[in-house]
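The next block holds one structure in the form of C-alpha cells; read it before the comments.
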Amino acid sequence: MSIRIFLMVWTLLLSWPGKATELRFVTGEFLSFDFSSKESDSGAKPPVARGPFVETVQAVCARIHFDCPIGLVPWRRSLAMLEQGQTDAVFAVIPTHERAIDLRFGPVLIDSSLNLYAHRSNSAQGWRPQPGERRDLYTLGPSGTANVVRQHIQGVPSAHVYLESDNLRLMRKLDAGRFGNGMVIMNPSIARRLIEQHQLRNVREVGLFKEVGYAIAFSRARVSQEKFEAFERGLDELIADGTIGAIFQRYQLELSASARKRAVRKESAVPHEACPHHGHSEEHGGDVHRGTPSHCPVMAFQPGDGL
C-alpha cells in the first residue's frame with residue numbers, strides 16, 4: 001500500500017464519527033403526563049411514547065449528543081426492567097428514599113398529587129378509618145405510588161394497602177362496587193381520564209391523599225455518575241433557557257417551581273449552604289421541606305412520615 005493511500009485511509013478513519021454515548025429509557029403505557037399513540041390513533045400503528053417527558057429526554061440527549069432510545073412497555077414491566085438492569089432510566093417516577101438506594105433521581109419536573117377515589121355508595125370523606133373501622137386502600141403496584149402510600153399510612157394499623165397491576169382494572173373494580181368501603185389512590189390526571197373515557201359513573205373523587213412530584217430515575221448499577229451528571233447539566237441548561245418549560249406548556253402543564261429555581265441557581269453558580277444527607281444516599285429531586293435550604297433536593301414525602 002502506497003503512503004498516499006495509507007494517509008487517505010487514516011484520514012477517513014480519524015474523521016469517522018464515533019458511536020454516541022447511549023442512555024436507554026423506558027416508560028409505561030398510559031402513564032400520567034405521557035401519552036402513547038395508542039390513545040389517539042385507531043390502533044393501526046404500534047404505540048409509541050410521546051408527551052412532555054419524552055420530548056424533554058429527546059431535547060436533553062440532542063443537547064449533550066447522547067443516543068437515547070425510548071421504549072414503551074406496560075408500566076409494571078418498565079420498573080422491572082430498571083430493577084433487573086435491562087434499561088438505564090425510566091420516567092416518570094415519584095422519588096422516595098426507599099428507591100434512592102438503587103436509583104438516582106433527576107429533579108422533580110412536575111408537581112402533582114395522589115388523590116382518593118371511592119364508590120358513590122361510600123360516603124367517607126377521607127382515608128383515615130373511624131375507631132373500630134377498617135380502611136382498605138388500592139393502588140397501582142409495584143410502583144412509587146405504592147411506596148408513598150405505605151409510608152403515609154404508617155402508624156394506622158387498621159389501614160391496609162393492596163396492589164393492582166393495571167389502573168383501568170382498579171377503576172373498573174371500584175365502579176362495580178368490588179372494593180366496598182375501600183378507596184383507590186391514583187394520580188388525578190390518570191383517574192379523571194379513565195373515568196371520562198370509560199364512563200365510570202359510580203366513581204367519585206374524594207379529595208387529596210398526598211402531594212407528590214414526578215422525575216426521571218436512573219439506575220445506579222448501569223449509569224455512571226459521569227453520565228448522570230452530563231444529563232443533568234443538559235437538563236439544567238434547557239430549563240434555564242426556557243426550552244423545557246415550553247415543552248410542558250404545549251401539554252398544558254407547568255414545569256415545577258423547584259426545577260426552575262434549581263436551573264437558575266446552577267446557571268449563576270453561586271456557592272450555597274450544604275444540603276443534609278439522608279441515609280448516606282445521593283437523592284435528587286423533590287420539593288423543599290420546611291427548615292431545609294431552598295436549593296436542597298428532597299424526596300416526595302415529609303419527615304413526619306416515619307423516616
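These numbers were taken from a predicted model, which means no experiment stands behind them.
For the pair Glu55 (side chain) and Phe53 (backbone), a donor-acceptor distance under 3.5 Å is absent. At distances below 3.5 Å, not a single donor-acceptor pair connects side-chain atoms of Ser113 with backbone N or O atoms of Asn115. Judged by distance alone, the side chain of Arg222 and the main-chain N or O of Thr87 form a donor-acceptor pair under 3.5 Å. No donor-acceptor pair closer than 3.5 Å links the side chain of Asn202 to the backbone N or O of Arg120. Distance alone, capped at 3.5 Å, is enough to place a donor-acceptor pair between the Thr27 side chain and the Phe91 backbone. A distance-only check finds a donor-acceptor pair linking the side chain of Arg135 to the backbone of Trp127 [under 3.5 Å]. Here the side chain of Ser78 pairs no donor or acceptor atom with the backbone of Val73 at under 3.5 angstrom. Within the 3.5 Å criterion, the main-chain N or O of Ala100 finds a donor-acceptor partner in the side chain of Arg220.
Remark: Asp136 engages Arg134 in a side chain to side chain donor-acceptor pair (under 3.5 Å) (not counting sequence neighbours). Glu83 meets the side-chain contact (heavy atoms from CB on, under 4.5 Å) test with Arg99; sequence neighbours excluded.
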Check the pair Val156, Arg128 against side-chain contact (heavy atoms from CB on, under 4.5 Å), reporting the backbone distance first and the verdict last. CA-CA 8 Å; Val156 185; Arg128 292 184 179 275; 3.6 Å; yes
Under the side-chain contact (heavy atoms from CB on, under 4.5 Å) rule, what do Phe179 and Leu170 come out as? Steps first, then yes or no, please. CA-CA 9 Å; Phe179 296 151; Leu170 265 173; 4.1 Å; yes
Please step through side-chain contact (heavy atoms from CB on, under 4.5 Å) for the pair Ile190 and Met171, ending with a clear verdict. CA-CA 10 Å; Ile190 298 176; Met171 295 303 266; over 6 Å; no
In sequence, state the C-alpha distance, the side-chain angles, and the governing distance for His198 and Val203, and then conclude on side-chain contact (heavy atoms from CB on, under 4.5 Å). CA-CA 11 Å; His198 299 276; Val203 176; over 6 Å; no
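Residues His119 and Leu174 come closest through the heavy atom pair CD2-O, 3.1 Å. The shortest non-hydrogen separation linking Val57 to Ile216 is CG2-CD1, 3.9 Å. For the pair Leu103 and Ser219, the tightest heavy-atom approach, listed with the atom from each and the gap, is CD2-CA, 4.1 Å. Here the closest non-hydrogen pair linking Ala215 and Gly106 is CB-O, 3.5 Å. Minimum interatomic distance between Ala146 and Leu163 (heavy atoms only, all atoms of both residues): CB-CD2, 3.6 Å. Leu140 and Asp166 get closest at one heavy-atom pair: CD1-N, 3.6 Å.
Hydrophobic clustering of Ile, Leu, Val, Met, Phe, Trp and Tyr side chains at less than 4.5 Å, counting indirect connections, unites Tyr117 with Tyr162. Follow the hydrophobic side-chain contacts under 4.5 Å out from Tyr138 and you never reach Leu208; the two are in separate clusters.
Once rounded to the nearest 0.5 Å, the distance linking CD1 of Ile64 with CD of Glu237 reads 9.5 Å. With values rounded to the nearest 0.5 angstrom, Met81 atom CE is found 10.0 Å from Asp88 atom CG. Here Ser258 contributes atom OG and Arg262 contributes atom CZ; the two are 9.0 Å apart, rounded to the nearest 0.5 Å. Distance check, rounded to the nearest 0.5 Å: CD1 of Ile195 to CZ of Arg204 gives 11.5 Å. Taking CG of Asn167 as the start and OG1 of Thr145 as the end, the distance is 8.0 Å to the nearest 0.5 Å. Taken from CG in Asn122 to CG in Asn181, the straight-line distance is 5.5 Å, to the nearest 0.5 Å.
Put simply, the side chain of Ile94 does not reach to within 4.5 Å of the side chain of Asn147, judged on heavy atoms.
In summary, Glu164 and Arg172 do not engage in a salt bridge, as defined by a charged side-chain N under 4.0 Å from a carboxylate O. Salt-bridge annotation for Arg150 and Glu98: absent, with no side-chain N of the basic residue lying under 4.0 Å from a carboxylate O of the acidic one. The pair Glu229-Arg104 does not count as a salt bridge, with every side-chain nitrogen at least 4.0 angstrom from each carboxylate oxygen.
Counting heavy atoms of neighbouring residues, nucleotides and ligands inside a 6.0 Å radius, atom CZ of Arg201 does not exceed 12 of them.
Ring to ring, Phe218 and Phe231 are close: their centroids are under 6.0 angstrom apart.
Sorted by first and then second residue, the pairs that involve residues 51-156 and meet disulfide bond (SG atoms under 2.5 Å apart), not counting sequence neighbours, are Cys61-Cys68.
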